[in-house]
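Remarks on the structure that follows.
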There are 2 protein chains.
Amino acid sequence: MTASTRIRLTPDERRAQLLDLGVRLLADRSLDELSIDLLAEEAGISRGLLYHYFGNKHAFHEAVVRRAVDDLVAQTAPQPDAGDPLATLAASMTAYVDYVEANHAGYVSLVKGAQGGNETLRAIYDEARGVLTDRIFTEDAQADLIPDTPAIRLLVRGWAAMAEELVLSWVADPAGVSRAELLQLLASSLPALVEGATA
Amino acid sequence: MTASTRIRLTPDERRAQLLDLGVRLLADRSLDELSIDLLAEEAGISRGLLYHYFGNKHAFHEAVVRRAVDDLVAQTAPQPDAGDPLATLAASMTAYVDYVEANHAGYVSLVKGAQGGNETLRAIYDEARGVLTDRIFTEDAQADLIPDTPAIRLLVRGWAAMAEELVLSWVADPAGVSRAELLQLLASSLPALVEGATA
DNA sequence: CCACTCTATTGACGTTTGTTCAATAACGCC
DNA sequence: GGCGTTATTGAACAAACGTCAATAGAGTGG
């Protein structure tokens, strides 16, 4: 549009700009609905520069997903003040619901969408889920509430999938279920499952 | 290769052939890793014919996913012989585990991958999950084991996501958990959740 | 048995889009 | 104020998507 004197950023700044833009654009578009053309125009750069920084389109996608996942992990980091492990769990779930509510489209498209992607994307997703569930073990297991066996590990993993589904489904259509009820479901389900499995 | 006299099938036969081939090819490839060129060559047809039948690549993908999902629903259809609702549930889960074991790659790539796709793909996936979970209600609810409230509906939906995760995760790495234990987890988790939520 | 019609099928063409690479110009430094 | 480093460009290539008028297989009626 206006006079476009070439703007030169440091590599870190440019990477950050492109990743932020990628998160924004890929929130309501799938990867192949996003052309490098559009991305470059939106960022005010040439197509070639994207390849200089990320190599190819898929690598860019992976970097964006990693970025989104890191955000999720950071913003749901547990605060070490609570004493009661159940209260800690409840706080974690609240933070998680907050995050999904604030980033609904992006969560579905980027985080969840990673499951259907290639090996690398699934690995990123798995790693994130691993971090989230490990918190459960390191925080709650200290109180010996949750035994650490292969079957229970598997069950907790399943519980995490359930939690994701509950929140996404509720955000998409909250009809008939209050936020408090949702949080209650999330927090009570883990003990219920563990007790049901060990009994 | 050999003399290729143009083979002319009925539209139904051709559609079926292409969908079958699509299921096979998309089991270990993502959509954009599959070129129409390869598909056409593999099917022994020209590229144009695919567009004649499906319009565009995405519509083809959707049709393939719908096909895979229909297979899943059909092959896990409950047998109306069992009496005890808990036994029926156990039978359903066994059929489900059988299916996922036999179609691991395809399940992940097609069924699960649909979650990360566009609106239409997610609708197909949701519809399939709806059919699967509705079975729970129509079969088990008759015995009044499961009350039908919005919160419980949501919970059952979450349980379905958990079941999927458990099975996929177990198939990917069964270390430390026997098949019987898995089935036990699957079958016992639903009652445990419902009881935990209604208490 | 031949011509004829219907329609499944082709193949060439235009266009979009991912990717490469040598050339260019902005910024810091002497 | 010139100079070198390197972030950045833009043109050129290739692969793949999608379109459409032309083609030919298969049944049908004479």
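Heavy atoms only: backbone and side chains are in, while hydrogens, waters and symmetry mates are out. Every chain is numbered from 1 and lettered A, B, ... according to where its sequence line falls, protein lines coming before strand lines.
As a whole-Å value, the separation of B:I7 CD1 from D:dG27 P is 14 Å. Taking atom CD of A:E41 as the reference point, atom P of C:dG18 lies 14 Å away to the nearest angstrom. To the nearest angstrom, P of C:dA8 lies 14 Å from CZ of B:F54. Straight-line distance from the CD atom of B:E33 to the P atom of D:dA15: 17 Å, rounded to whole Å. Here the C1' atom of nucleotide C:dT17 and the CG atom of A:L34 are 12 Å apart, to the nearest Å. Between B:D37 atom CG and D:dG18 atom P the separation is 13 Å, expressed in whole Å. A straight line from CG of A:L39 to C1' of C:dT19 spans 15 Å, rounded to a whole angstrom. Summarising the geometry, the separation between CD1 on B:I45 and C1' on D:dT23 is reported as 17 Å, rounded to the nearest angstrom.
Between A:Y53 and the phosphate of D:dT8, there is a side-chain N or O to OP1/OP2 separation shorter than 4.0 Å. Between B:R47 and the phosphate of D:dC17, there is no side-chain N or O to OP1/OP2 separation shorter than 4.0 Å.
When heavy atoms are screened at a 4.0 angstrom cut-off, A:L49 is found touching base atoms of the nucleic acid. Backbone-only engagement by B:S35 is indicated by non-hydrogen atom pairs under 4.0 Å involving sugar-phosphate atoms exclusively.
Closest approach to the B:R6 side chain among D:dG10, C:dA26, C:dT10 is made by C:dT10 (side chain taken as heavy atoms from C-beta onward). When distances are taken from the side chain of A:K57 to each of C:dT9, C:dT19, D:dC17, the shortest belongs to C:dT19. The side chain of B:Y51 lies closest to D:dG18, out of C:dT9, D:dG18, D:dT9.
Tested against B:E42 for a side chain to side chain contact (heavy atoms under 4.5 Å, CB included), the candidates B:L38, B:I45, B:L39 yield a single pass: B:L38.
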Test side chain to side chain donor-acceptor pair (under 3.5 Å) applied to A:T10 and A:D12, step by step | CA-CA 5 Å; A:T10 69; A:D12 283 350; 5.7 Å; no
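Shown here is A:E101, whose CD atom has more than 12 heavy atoms of other residues, nucleotides or ligands within 6.0 Å.
Toward the 5′ end of DNA chain D lies the nearest nucleotide of B:N56, the other residue of the pair B:R8 and B:N56 mapping further downstream.
Ion pair A:D173/B:R153 not flagged as a salt bridge, since none of the NZ, NE, NH1 or NH2 atoms sits closer than 4.0 Å to an Asp/Glu carboxylate oxygen.
When the side chains of ILVMFWY residues are joined at heavy-atom separations under 4.5 Å, either directly or via intervening members, B:L9 and B:L18 end up in two distinct hydrophobic clusters.
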